[in-house]
Amino acid sequence: MPTLNDQFARVTQRIIDNSRDTRRRYLDLMEREAQRQPNRTQLACSNLAHAMAGSGNDKGAIASGQSPNLAIVTAYNDMLSAHQPYGRYPEAMKLYAREVGATAQVAGGTPAMCDGVTQGQDGMELSLFSRDTIALATSVALSHETYDGMALLGICDKIVPGLLMGALRFGHLPCILIPAGPMPTGISNKQKQQTRQLYAEGKVGREELLASESASYHSPGTCTFYGTANSNQMMMEMMGLHMPGAAFIPPNTPLRTQLTRAATHQLARISLRGEDPRPLAKCIDEKAIVNAIAGLLATGGSTNHVIHLPAIARCAGVIIDWQDIDELSRVVPLIARVYPNGSGDVNAFHAAGGMGYVIRELLDAGLAHEDITTVGGPSLRAYADEPVMEDDRLTWRKLPPESGDDSMLRPPATPFNPDGGLRLLTGNLGRATIKTSAVDKDRWVIEAPCRVFSTQSEVATAFKAGELDKDVVVVVRFQGPRANGMPELHKLTPPLGVLQDRGFKVALVTDGRMSGASGKVPAAIHCTPEALSHGEEKPGPIAYLRDGDIVRVDAVNGTLSTNADLSARDPATPPPPAMGVGRELFAMMRLGADEAEKGGSAMLALAGL
């Protein structure tokens, strides 16, 4: 096993030390749950009869308690292209389970919203909190306690984090996540981006824009840009929670079908009544979380995960913060360029070597932990191989030593950037995250007068009026978890990109999120403390900014600051809470949410996790 990089090992050990008490409490709870969970044959006859009443020919096996019964928790809906293939998975998985003497039941379904549909719309204000709703729904599904293992069907944005967060509270059970794969490649990303900017400038109309978007997002499967959904799949590989290499195999192909079959067989084998039980609580530990961070950095993944990873980790008793991510970013190089950080999409990434290449190279460089408990092999090293079909049989093979496309994948010795491109900014405007991997280095430092807004629509109005045609730091506040649920502000990307292309120095500062498709404009995001306070807490510093204040976003030195004296000012008045699209129903989540650096979760905060 290669020697770990010194700083990589040091940060891991710090996380282990900082998590010692919380991790022990978590593992103790999982041990108690394992001892307390009733064998379903010990259930009262009425309880057991209810649990298997709809199971047809599987009733006898479920009643006997001798063979594994697998819970399927599905986030299927056919509005979400990535999840549309899941419609037929449960029936197929029941057949696959019977092949190895097991049974499977759909334990429950969870919501699954598409951020692509709600992007820039009012419904986006439900997005972050949908993660915790999914975690709660997962817990409800698993609360029947008649299962020996969990199969989680989910891919996109908040869905995988939510499924994992819920499943980790049942971490005495083994678990496998089963993806469905990306859609085929559509029009080029460059062409799509050009059309978006032309539309932002009023040079093409809605008909042309819709035709362009429909040629990009065109069929069942995950969107092919490297946003949050595909970053989720990367992380599941880095933590060893998929069958090896399953992340980016297209839907409705023989290889995808056989990987789903193999995952069902493997879950039966590692289940509580299988030959090699591997509880989820033992799979997701400090090292697995660090591996997920390393993969995020090495591939230029979604900024959303600096919020989701702390939340997932907390559910496993592991404590991380943005300082940990920043320090790991200093030593984990960027070895992949996938759109929006490069020209090729995830299909081209997979063809060039994909996750097998990334995992092999990180392991060999001492930048990933090999010695983790995985669901699909003896260690993470199994995930350095790629799945293939040979004579109608699923097998795994070694990858070629070289990248299949060095414009997309390179070894750590000759990376695209020497660091992972996620940096912590600190200063008198608070703490924030910036993603530099897609930003030209001559734009890593922006200092300019600011224009302050409270909504995305205000920015769009000012852009159309020509008020932003100058060097400017656009500040969009009252976008944090407590203010309005921390929506993604991806709608800002085209106009800010236009301003940058016109030769102006432009940056964004916000307590909101940007999409996993964040691109070329420097953006200090997730600003904490956020502008809206609750109770006696003081509002975050950006609540005191005024138009014309000089703001400096400095990704070189890791600072976010203003030279304005904020001490004598009153904070800006926040907009009133919004109504409609169900937003009022999520008031309790807004009121109880903790800061973005901890995951922005009322559920975890109020649970004391």
Side-chain angles (χ1 to χ4, degrees), residues 11 14-15 17-19 22 127-129 131-132 158 161 165 228 231 235 286 289-290 292-293 296-297 301-330 420-436 477-489 508-514 516 518 523-534 537-543 553 555 558-561 589-609:
V11 173
R14 184 175 69 214
I15 292 171
D17 293 342
N18 290 342
S19 306
T22 50
S127 174
L128 178 60
F129 294 144
R131 180 196 66 192
D132 292 10
K158 317 307 167 296
M165 290 164 68
T228 309
S231 297
M235 292 196 309
E286 299 92 335
I289 294 293
V290 170
I293 297 171
L296 185 69
L297 298 168
S302 170
T303 56
N304 280 325
H305 288 304
V306 304
I307 299 173
H308 297 323
L309 275 171
I312 293 168
R314 285 166 74 181
C315 288
V318 177
I319 306 301
I320 62 171
D321 62 22
W322 293 344
Q323 184 68 39
D324 298 320
I325 297 173
D326 181 85
E327 291 186 24
L328 289 170
S329 186
R330 305 286 173 171
L422 278 178
R423 300 193 175 192
L424 170 65
L425 303 179
T426 62
N428 62 2
L429 291 179
R431 292 163 71 86
T433 298
I434 188 168
K435 179 178 177 180
T436 60
R477 61 192 175 197
F478 300 116
Q479 303 297 309
R482 290 182 170 180
N484 63 353
M486 206 180 192
E488 290 184 352
L489 305 177
L508 173 69
V509 174
T510 181
D511 49 8
R513 295 182 293 126
M514 288 296 283
S518 302
I525 57 178
H526 315 152
C527 236
T528 185
E530 64 174 283
L532 182 71
S533 65
H534 286 314
E537 295 179 11
K538 188 176 180 181
I542 64 171
V553 178
T559 60
L560 176 63
S561 60
M589 290 192 171
R590 292 194 299 272
L591 290 170
D594 53 19
E595 58 264 36
E597 191 166 4
K598 291 184 176 180
S601 173
M603 178 184 71
L604 298 182
L606 296 175
L609 298 178

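Atom set for the values below is all heavy atoms of this structure, side chains included, hydrogens, waters and symmetry mates excluded.
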Q: Can you list everything that forms a side chain to side chain contact (heavy atoms under 4.5 Å, CB included) with Arg330? Sequence neighbours excluded, please.
A: Gln7, Asp326, Arg423
Q: Mind checking what makes side chain to side chain contact (heavy atoms under 4.5 Å, CB included) contact with Ser127, not counting sequence neighbours?
A: Met113, Asp115, Met124, Lys158, Arg513
Q: Go through the structure and list residues passing side chain to side chain donor-acceptor pair (under 3.5 Å) with Arg482, not counting sequence neighbours.
A: Glu537
Q: Would the distance check show the side chain of Trp322 and the main-chain N or O of Val306 forming a donor-acceptor pair, the cut-off being under 3.5 Å?
A: yes
Q: If I compare all heavy atoms of Thr436 with all of Ala555, which pair ends up nearest, and what's the gap?
A: CG2-CB, 3.7 Å
Q: Assess the residue pair Glu597 and His526 against the criterion (side-chain contact (heavy atoms from CB on, under 4.5 Å)); give the C-alpha distance rounded to whole Å, side-chain angles, the decisive distance to 0.1 Å, and a yes or no.
A: CA-CA 8 Å; Glu597 191 166 4; His526 315 152; over 6 Å; no
Q: Applying side-chain contact (heavy atoms from CB on, under 4.5 Å) to Phe129 and Met486, what does each step give before you reach the verdict?
A: CA-CA 9 Å; Phe129 294 144; Met486 206 180 192; over 6 Å; no
Q: Listed by chain and number, what are the side chain to side chain donor-acceptor pair (under 3.5 Å) partners of Glu595, not counting sequence neighbours?
A: none
Q: Evaluate the criterion side-chain contact (heavy atoms from CB on, under 4.5 Å) for residue pair Leu309 and Met235; output intermediate values, then yes/no.
A: CA-CA 10 Å; Leu309 275 171; Met235 292 196 309; 3.9 Å; yes
Q: Show every donor-acceptor pair shorter than 3.5 Å between a side-chain atom in residues 598-609 and any protein atom, with sequence neighbours excluded, or say none if there are none.
A:
| residue | atom | partner | partner atom | Å |
| --- | --- | --- | --- | --- |
| Ser601 | OG | Asp132 | OD2 | 2.7 |
| Ser601 | OG | Met603 | N | 3.3 |
| Ser601 | OG | Leu604 | N | 3.0 |

Q: Does the Ser19 side chain pair with the main chain of Ile15, one donor and one acceptor, at a distance under 3.5 Å?
A: yes
Q: I'd like to know if the side chain of Ser302 and the backbone of Ser231 have a donor-acceptor N/O pair within less than 3.5 Å.
A: no
Q: Tell me, please, which residues at least two apart from Gln323 pass side chain to side chain donor-acceptor pair (under 3.5 Å).
A: Glu327
Q: Please list all pairs passing the salt bridge (charged side-chain N to carboxylate O under 4.0 Å, His left out) test where one or both residues lie in residues 304-315, with sequence neighbours left out.
A: Arg314-Asp594
Q: Residues in side chain to side chain contact (heavy atoms under 4.5 Å, CB included) with Ala531, at least two apart?
A: Arg477, Phe478, Asp511, Ile542, Ala543
Q: Starting from the C-alpha separation in whole Å, work towards a yes-or-no answer on side-chain contact (heavy atoms from CB on, under 4.5 Å) for Ile293 and His305.
A: CA-CA 9 Å; Ile293 297 171; His305 288 304; over 6 Å; no
Q: Identify, with sequence neighbours excluded, every residue that meets side chain to side chain contact (heavy atoms under 4.5 Å, CB included) alongside Asn484.
A: Glu125, Gln479, Pro487
Q: Glu286: which residues meet the side chain to side chain donor-acceptor pair (under 3.5 Å) condition with it, sequence neighbours left out?
A: none
Q: Using modelled atom types and a 3.5 Å cut-off, is there a donor and acceptor pairing between side-chain atoms of Thr433 and backbone atoms of Leu424?
A: no
Q: Any side-chain heavy atom of Cys527 within less than 4.5 Å of one from Leu560?
A: yes
